[in-house]
Each structure stands twice: as C-alpha cells, then as structure tokens.
Amino acid sequence: MELPEKLLKPYNPKETEERIYKLWEDSGFFNPDVCVKKGVTKENAESFSIVLPPPNVTGNLHTGHALMLVIEDIMVRHARMTGKKTLWLPGTDHAAIATQAKVEKILEKEGVRKNDLGREEFLKRVEKFAKESHDTIVNQCKKMGASLDWSREAFTLDEKRNLAVRTAFKQMYDDGLIYRGWKIINWDPKGQTTISDDEIIHEERKTKLYTFRYSKDFPIPISTTRPETKLGDVGVAVHPEGKWKKYIGQLFSNIEFAGTKLIIKIVGDEEVDPEFGTGAVGLTPAHSLVDWEIAGRNSLPRHPIINEFAKMVDTGHLTEGKKTTEAREIVVNWLKENNLMEKEEEIKQSIPTAERTGGIVESLPKLQWFVDVNRKIPSRGNKSLKELMLEPVREGKIKILPEHFEKVYFNWIENLRDWCISRQIWYGHRIPVWYHEPICIPKTGKEDLVGKCLEMIVSAEKPTCKYCDAGYIQDEDTLDTWFSSGLWTFSTLGWPNQTEDLKNYHPTSVLETGHDILFFWIARMILMSQYLLGEVPFHNVYLHGMVRTKDGKKMSKSLGEKAIDPLDIIAKYGNDALRMAMIVGNTPGNDLKLDENDIRGYGKFANKIWNAARFVLEQTKNLNIKNMPKLDKEDKKNDEELQKILAEVSKEMEEFKFSIVAEKLYHYFWHTFADIIIERSKKKIIENNNADSARNLLLSHLTTLLKALHPFIPFVTEEIWQILLPRRKVGEPTGVSTLMVEKYLDD
RNA sequence: GCGGGGUUAGCUCAGUUGGUAGAGCAAUCGAUUUACACUCGAAAGGUCGGGGGUCCGAGUCCCUCACCCCGCACCA
C-alpha cells in the first residue's frame with residue numbers, strides 16, 4: 001500500500017483541520033444517538049454529559065473560551081473512547097444586560113438612542129446582533145475542534161428555555177420563594193436598571209471623610225463621605241451604651257440644613273460601632289441598607305432624595321435636580337460657610353460600580369422581585385434554598401476541583417442575601433407576571449364586578465380576564481440573566497418536559513468553567529436544580545483559571561482588544577499545538593500564562609508525530625495486521641511499559657489530571673517511542689535481526705499512542721488514523737470510521 | 001476586616017497516601033543530511049520564601065514570620 005503524498009511533507013494543520021472537523025461532523029458521532037444507532041456505543045452504556053457553559057452572544061470567543069473548549073473536549077473525547085454514551089451539549093447565552101449594553105453602544109455611534117427606537121424595534125436590533133454573534137461563536141467552536149452535538153444546540157432565550165423560565169418562576173412564586181418587595185436595591189444609573197450584589201465591582205478610590213454638625217446646637221458630630229445624602233437624614237443612631245447614650249430619644253426639628261429643613265431623631269441601635277468615627281451615624285434610610293433597617297426598627301420615615309438618574313429630589317432650592325456630585329460640593333461649601341464643618345480627611349474607599357456599564361451604583365428603595373434564600377420549603381424537606389445549595393457540596397454529592405473552592409463556596413453562601421432578579425432592561429426573559437389594565441368594565445355590565453380582577457397574576461401563560469376584553473399586561477421588567485442560566489443543565493435537556501434526554505443525561509457528569517463565575521452561575525445552578533428537580537445539576541465541578549498573557553495580564557472579554565485571538569494562534573501553529581500549550585502545566589484553579597513559544601514547541605510535537613507515523617507506516621506497509629509477528633524479549637519489555645503507562649493514564653484521566661497525562665504521553669512518545677524504539681528498530685530492520693518484532697512494536701505503539709493522544713491533539717492523530725485505516729479495515733464493510741469513536745481497549 | 005491561594009531550576013509550572021527533587025522552554029557542549037523546515041547525544045542548573053516543631057525520614061504534616069495574588073464585605 002502506497003503512502004499518500006501529503007505524508008512526505010511536514011504536517012500541515014491548516015490544510016488538515018477543517019477537513020477533519022467536517023469528517024467528524026458528517027460522521028454524526030458527536031450525537032450519542034447516532035453512536036448507539038451505528039453500534040459504536042452500547043445502548044445501555046453508562047452516560048457522560050457536559051453542558052457547554054454558553055458563551056455570551058456579545059461578540060467573539062477569547063482565549064478563556066478556548067481553554068474551556070479544550071478541557072471539555074478532552075473529557076468528552078476520552079469518555080466517548082471509553083465507550084460511554086457521551087453528550088456535550090452546546091448553546092449560547094443571551095447575557096441580557098451585557099448584550100443590551102453592547103448594542104446600545106453600537107447604536108450610540110450611529111447616533112441612535114434606544115428610547116427613540118422603542119422596545120420592539122430595539123429588541124429587533126439586539127436580536128440581529130445576537131444572531132451574528134451566535135454564528136461567529138459556533139464557527140469558532142468548530143475551529144477549536146469541539147466535538148459538540150450541534151443537533152441539540154440551545155439558546156438561553158429561545159422558546160424552550162423561555163417555557164422553562166416561566167415554569168420555574170411560577171413554581172417558585174407558588175412556594176413563596178419569589179416575592180415582590182419594596183427594598184433597597186443596587187441601582188445602576190448608567191444602565192438604568194437594578195443589579196444584583198454580585199454584579200457590583202468595588203473600585204478603590206481616594207475620597208474625603210467629612211466630619212460636621214447639622215447645626216450649631218446639634219450635640220453630636222457626624223462623619224460622612226457623602227455629604228449630599230445628609231439632605232435626606234431623618235435621625236442619628238448611636239450605640240445604646242456608648243458615650244452619646246444620654247441623647248437617645250431627643251428630637252431636633254426644624255434644622256436649617258443646606259437649603260432644606262431636617263427633623264432628626266436620636267435613636268439607639270446595636271448596629272452602631274461606638275469606637276468608629278464619632279460614634280454616631282447619620283441616618284439616610286432610603287440610600288443605605290443599614291440605615292434602612294435601623295430606620296425600620298425605630299419607625300423613622302424613609303423617603304428617597306436621589307432618583308434613578310442620580311439626581312437630587314426633594315432636597316430644597318440649593319440642590320434640587322442637581323447631580324449628586326454637584327450637590328456634594330454645594331453641601332460642603334454650605335457647611336464651611338456656616339462653620340459647621342469640623343474636619344476633612346483623605347481616606348481610601350471602595351466605590352461600588354456596575355460590572356457591565358461602569359456606572360456608580362446608588363442604593364435606592366424600589367419595588368422589585370426577589371428570591372428568598374432563607375424561606376423553608378415544605379416540598380424539599382423544609383430546607384431553605386441556602387441549605388439546598390450547601391448540602392450537596394458538604395455531603396460530597398458535588399465535588400469541586402480544586403477542592404479549596406468548596407470553602408470559598410461555603411463562605412459565599414453563608415453570607416448570601418435575597419437575590420434581586422428583576423431588571424429594568426428590555427433584552428431578556430420578561431417576568432411572567434400579569435397586571436390587569438387600569439379599568440375593567442365587565443361585559444355583563446354588572447358594576448359590582450369592577451375591581452374583582454385587578455389582582456396580579458403569576459402565570460406561565462398570558463391570562464385572560466373573565467369579565468372584560470381589556471385583559472392583562474405583562475410586567476415590564478426582565479429577569480436577571482443568571483435566572484435562566486441557572487436552569488441550564490436541565491432546560492437544555494427539555495425540562496419542564498420529562499424527556500428521554502433528561503432521564504439519560506441529568507445530573508450531568510461535569511460542569512467545567514472558569515472560577516470567576518462560581519457564584520454567579522454554579523451556585524445558581526445548584527439552587528435551581530436542587531429545588532426544581534430535587535437533584536444535583538452535576539457531580540463534579542472543574543474550575544479552570546484565567547488565561548493571562550505572558551506578562552500576567554488577564555485576557556478577558558472586557559479587555560477584548562488586548563487579548564490574543566485563539567484563531568490567529570491556530571492559523572499560525574495549528575489547533576493541536578494550542579491545545580497542548582493550554583493543557584500542559586495547567587492545573588485546575590490556577591491561572592495559565594499563555595506563551596507563544598510554548599505553542600510553537602507543541603506545533604513541533606504534532607510534526608514529530610507526523611514524521612514518526614511516516615516512518616512507521618513506511619516500515620510496516622507489508623505487515624499483516626491480522627496476524628502480527630511475535631515480539632522479542634526486548635520489544636516485549638517496551639510493550640509492557642506502554643501498557644503500564646496506559647493504566648496510569650486511564651486512572652489519571654478519571655481524576656481530571658490532564659496536565660500530567662498530556663505531559664506523560666508527550667514525553668513517552670518523543671523520548672521513548674521516537675528516540676529509543678524507532679532508533680532501535682532501524683538497526684533491527686537493516687540487520688534483519690528480529691525485524692518483524694520491531695515492525696510489530698512500531699505499529700502497535702503508534703496505534704495505541706494515537707488513541708491515547710487523540711483527546712489532546714485530535715486533528716493530527718485523526719489525520720494519521722485515516723491514512724492507517726484502510727489497513728485495519730481490510731475486508732470490513734466501508735462506512736465512516738474515525739479515531740474519535742475507537743475504543744482505547746479493543747473489546 | 002473576613003475568607004482563599006501562592007512562594008520549587010534563568011522562565012512557566014508539575015510534584016497524587018511523608019520515602020534520594022521533575023517536565024517544558026531557555027541557556028552550554030558535542031554529533032548529524034537523518035522518519036524529523038531540524039533532530040540526536042551529553043552535561044549543567046534547586047539548603048523547595050525564612051525560622052521552629054513532629055518523625056527513622058518533611059517540598060509534602062503542624063506552628064510562626066515575611067512577601068505576593070485573588071475573592072467577599074466594607075463601616076457611617
């Protein structure tokens with residue numbers, strides 16, 4: 001059998017990769033159903049499933065995604081080759097606020113504002129953008145060699161996922177886990193929406209701490225970093241046993257303060273640290289969570305003085321309608337002019353900013369939807385959502401890798417507060433709550449029915465009014481994007497329908513993602529699955545680190561321009577090279593410094609395999625594969641050594657030690673197989689001394705190593721396999737056959 | 001402040017239950033037209049952050065100090 005001409009040249013990944021991916025795709029073997037149907041996987045085989053963490057439809061994939069795809073593809077390919085019924089389910093994430101912000105930015109450049117377009121038209125623009133991003137992402141996943149089952153692809157905002165969201169919301173509402181409440185929330189004035197605690201990034205800045213008195217006769221000095229908020233003060237809280245104790249209960253009315261009148265009551269509250277600052281807190285109930293609670297305990301009014309645009313309202317003629325920053329200056333000047341300012345100090349403070357827009361977050365009281373994480377749930381053994389999240393990790397039903405993130409996870413949950421899930425943005429799942437039109441005029445004309453249908457209805461479907469034609473309108477708000485992401489492990493498998501997929505593939509085997517979304521996403525998935533399905537969403541969590549540039553900078557989506565494009569690297573060195581560089585020396589949880597030099601080095605490895613294959617195929621072309629000659633003593637020793645390595649490697653693959661396996665195989669291939677075995681075989685073949693034993697060892701080693709290496713470097717191994725294949729399949733029926741579905745161990 | 005992590009060869013990092021310190025890259029010397037747009041061989045390189053403890057034995061377990069990184073909460 002003659003060798004193809006391409007084998008005589010250096011390995012050319014560019015020419016190979018696209019063709020090979022198409023071969024895989026056409027084979028249908030990414031889909032486990034096809035594997036079963038064509039007999040490469042047993043019907044009753046153990047299943048292995050991973051849902052792809054859906055990339056945001058905000059643009060391109062970056063190196064972090066590439067790392068994710070590589071690690072997951074390795075797990076999936078390995079599982080498939082060990083005979084498991086293997087599903088890797090792809091999808092994309094609508095990423096509500098992130099995508100909306102991105103499209104708004106694009107429109108801004110065109111001089112268009114979203115409010116001018118209106119909700120419907122704006123959403124069309126977002127959807128168009130999302131579609132384009134989606135197509136790019138899918139294409140990039142394919143370039144990465146990801147063996148994803150595209151026939152099951154999902155989107156967090158498609159019809160099926162919307163049904164899942166509405167169903168989940170309704171059930172949670174009925175169980176009292178979702179409620180609507182008037183509470184202090186985080187407001188992003190730039191994005192014009194609420195955000196959750198997790199979407200805040202604290203930025204350290206220098207700021208001034210002012211110490212002042214409300215008036216000359218006010219007995220207690222107050223410190224603040226935000227003097228403008230003092231226009232909304234209604235009280236001063238001191239520790240019940242502190243030095244200001246004697247003033248508790250006193251009321252100071254008609255205080256002239258920077259253009260407004262204040263009524264300040266002095267209250268005692270345990271929350272106040274008597275040692276800190278002046279030992280007294282000026283209470284601005286509407287704009288501080290702590291103050292809100294203290295005010296509640298002491299029956300103080302809680303009126304807002306900052307609006308959604310971060311402007312002052314109801315604060316008197318000096319500051320009315322001014323931006324908070326302007327108002328601050330005015331108040332500071334007023335205090336100085338009236339000799340009420342006692343001290344100014346420079347301090348470091350961290351300012352809350354919105355993750356997506358960078359806007360400075362204000363605390364405002366608003367009517368929003370929340371998930372109650374502490375309420376006991378009768379249908380779940382009277383446990384709260386918090387407990388349902390803690391339990392499986394505590395009990396080892398979910399294992400997190402690296403293990404120390406379990407502690408981080410516990411720490412986060414223990415400090416968890418109710419989750420604000422409503423957002424005032426347009427792109428996302430609309431809240432499935434319906435309010436009646438303002439007027440209900442009963443068709444029967446019976447006046448006594450008016451108003452009977454004015455209540456709010458929580459429903460997965462649009463309700464109709466029994467009495468009138470006006471009907472119901474849906475809540476304007478959308479849900480936090482992580483609400484739908486939380487359902488991802490089962491919404492993708494068909495839930496709320498009890499599908500075969502759900503039965504076969506849930507709980508999923510592994511959830512692999514970056515450690516930066518442990519709270520955002522992993523915790524929410526555990527919450528949703530534990531509550532809605534009564535089971536864990538996955539058995540293992542594998543957290544990878546952040547990909548950094550050589551000098552340690554994070555290659556993230558927010559620093560998009562600076563990041564290396566994985567596709568450029570692939571074009572230059574090949575996919576296999578990038579994959580090896582991402583795996584060797586990378587352990588879970590640790591950041592990966594991606595160095596082009598390393599990638600180049602692994603490109604040479606692919607070529608080394610290619611050349612070794614050329615030699616082996618040339619030397620063994622007349623070998624009868626069905627009747628292999630016996631190994632001599634020397635060769636047998638190597639055969640045993642390889643078997644030993646394979647046994648180790650199998651174990652290590654199960655333990656997610658991909659770095660060790662990749663390194664071990666690399667080393668064995670190069671420094672034992674190529675340097676020792678091949679070199680020795682040359683001598684044996686030339687001298688015709690046990691030449692057939694040598695040939696046998698060459699071919700069996702190559703075959704075995706191609707299989708073992710395939711999950712790591714699928715392209716070059718498959719390409720060689722396709723050349724090797726006709727010899728293995730002599731006399732067998734033709735059909736698509738790929739290394740991808742070969743078994744590690746022949747049955 | 002609370003929590004987590006790191007410190008091992010020039011660089012990037014492995015090091016599984018404690019048993020003589022490893023890989024890749026870089027650098028050094030030598031060989032070579034070869035399956036190899038190179039590759040092969042050889043040698044070199046580390047008191048495993050400092051100090052203390054447990055142990056026959058510690059990079060690994062315990063205590064302590066130093067420096068660095070990352071979360072979370074931020075305090076009026």
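In what follows, every chain begins at residue 1, and chains take the letters A, B, ... in the order their sequences are listed.
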Hits for side-chain hydrogen bond (donor to acceptor under 3.5 Å, both in side chains) against A/Asp591, two or more places apart or cross-chain, chain-then-number order -> A/Arg548
Could you tell me whether A/Asn590 contacts a base, only the sugar-phosphate backbone, or nothing, with contacts defined as non-hydrogen atoms closer than 4.0 Å?
-> sugar-phosphate
Got a sec? Which of residues 219-230 of chain A come in under 4.0 Å of RNA chain B, heavy atoms?
-> A/Ser223, A/Thr224, A/Thr225
Please state whether the phosphate of B/A73, meaning OP1 or OP2, lies under 4.0 angstrom from any side-chain nitrogen or oxygen of A/His202.
-> yes
Side-chain N,O (A/Asn415) to OP1/OP2 (B/G71) below 4.0 Å | no
Cation-pi geometry met for A/Lys230 and A/Phe212 (6.0 Å, 45°) | no
Taking pairs as Watson-Crick (N1-N3 plus N6-O4 or O6-N4) or G-U wobble (N1-O2 and O6-N3), each distance under 3.5 Å, the stems of three or more consecutive pairs with RNA chain B are B:1-7 with B:66-72, B:10-13 with B:22-25, B:28-31 with B:39-42, B:49-53 with B:61-65
Would you indicate what A/Ile678 reaches in the nucleic acid, counting non-hydrogen atoms under 4.0 angstrom: base, sugar-phosphate, or nothing?
-> base
Sub-3.5 Å pairs of nitrogen or oxygen atoms, protein against nucleotides 59-61 of chain B:
none

When we call it a touch if two heavy atoms are under 4.0 Å apart, what does A/Phe519 touch: a base, just sugar-phosphate, or nothing?
-> sugar-phosphate
Partners meeting salt bridge (Lys or Arg N to Asp or Glu O under 4.0 Å) with A/Lys682 (sequence neighbours left out) | A/Glu679
Give A/Val616 one of three labels, base, sugar-phosphate or nothing, depending on what nucleic acid heavy atoms sit under 4.0 Å from its own.
-> nothing
Quick one, which residues of residues 659-668 of chain A touch RNA chain B with a heavy atom under 4.0 Å?
-> A/Ile660, A/Glu663, A/Tyr666, A/His667
With A/Glu663, which residues qualify under side-chain hydrogen bond (donor to acceptor under 3.5 Å, both in side chains), at least two apart?
-> none
If you restrict it to nitrogen or oxygen atoms, what contacts under 3.5 Å exist between nucleotides 39-42 of chain B and the protein, and what is each distance?
unit_1, atom_1, unit_2, atom_2, d
B/U39, O3', A/Lys608, NZ, 3.1
B/C40, OP1, A/Trp670, NE1, 2.3
B/C40, OP1, A/Asp675, OD1, 2.8
B/C40, OP1, A/Asp675, OD2, 3.4

When all nucleic acid strands are considered with a 4.0 Å heavy-atom cut-off, which category describes A/Thr587: base, sugar-phosphate, or nothing?
-> sugar-phosphate
Sequence neighbours excluded, which residues qualify as salt bridge (Lys or Arg N to Asp or Glu O under 4.0 Å) partners of A/Lys399?
-> none
Using the C1' atoms only, state how far B/U60 lies from B/U54, rounded to an integer number of Å.
-> 14 Å
Distance-only check: which donor-acceptor pairs under 3.5 Å involve side-chain atoms of residues 266-273 of chain A, not counting sequence neighbours?
unit_1, atom_1, unit_2, atom_2, d
A/Asp269, OD1, A/Glu271, N, 3.0
A/Asp269, OD1, A/Arg297, NH2, 3.1
A/Asp269, OD2, A/Arg297, NE, 3.1
A/Asp269, OD2, A/Arg297, NH2, 3.4
A/Asp273, OD1, A/Glu275, N, 2.9

Between CD1 of A/Ile400 and CD of A/Glu406, what distance do you get to the nearest 0.5 Å?
-> 5.0 Å
Which residues pass the salt bridge (Lys or Arg N to Asp or Glu O under 4.0 Å) test with A/Glu387, sequence neighbours left out?
-> A/Lys376
With sequence neighbours left out, the residues meeting side-chain hydrogen bond (donor to acceptor under 3.5 Å, both in side chains) with A/Lys243 are none
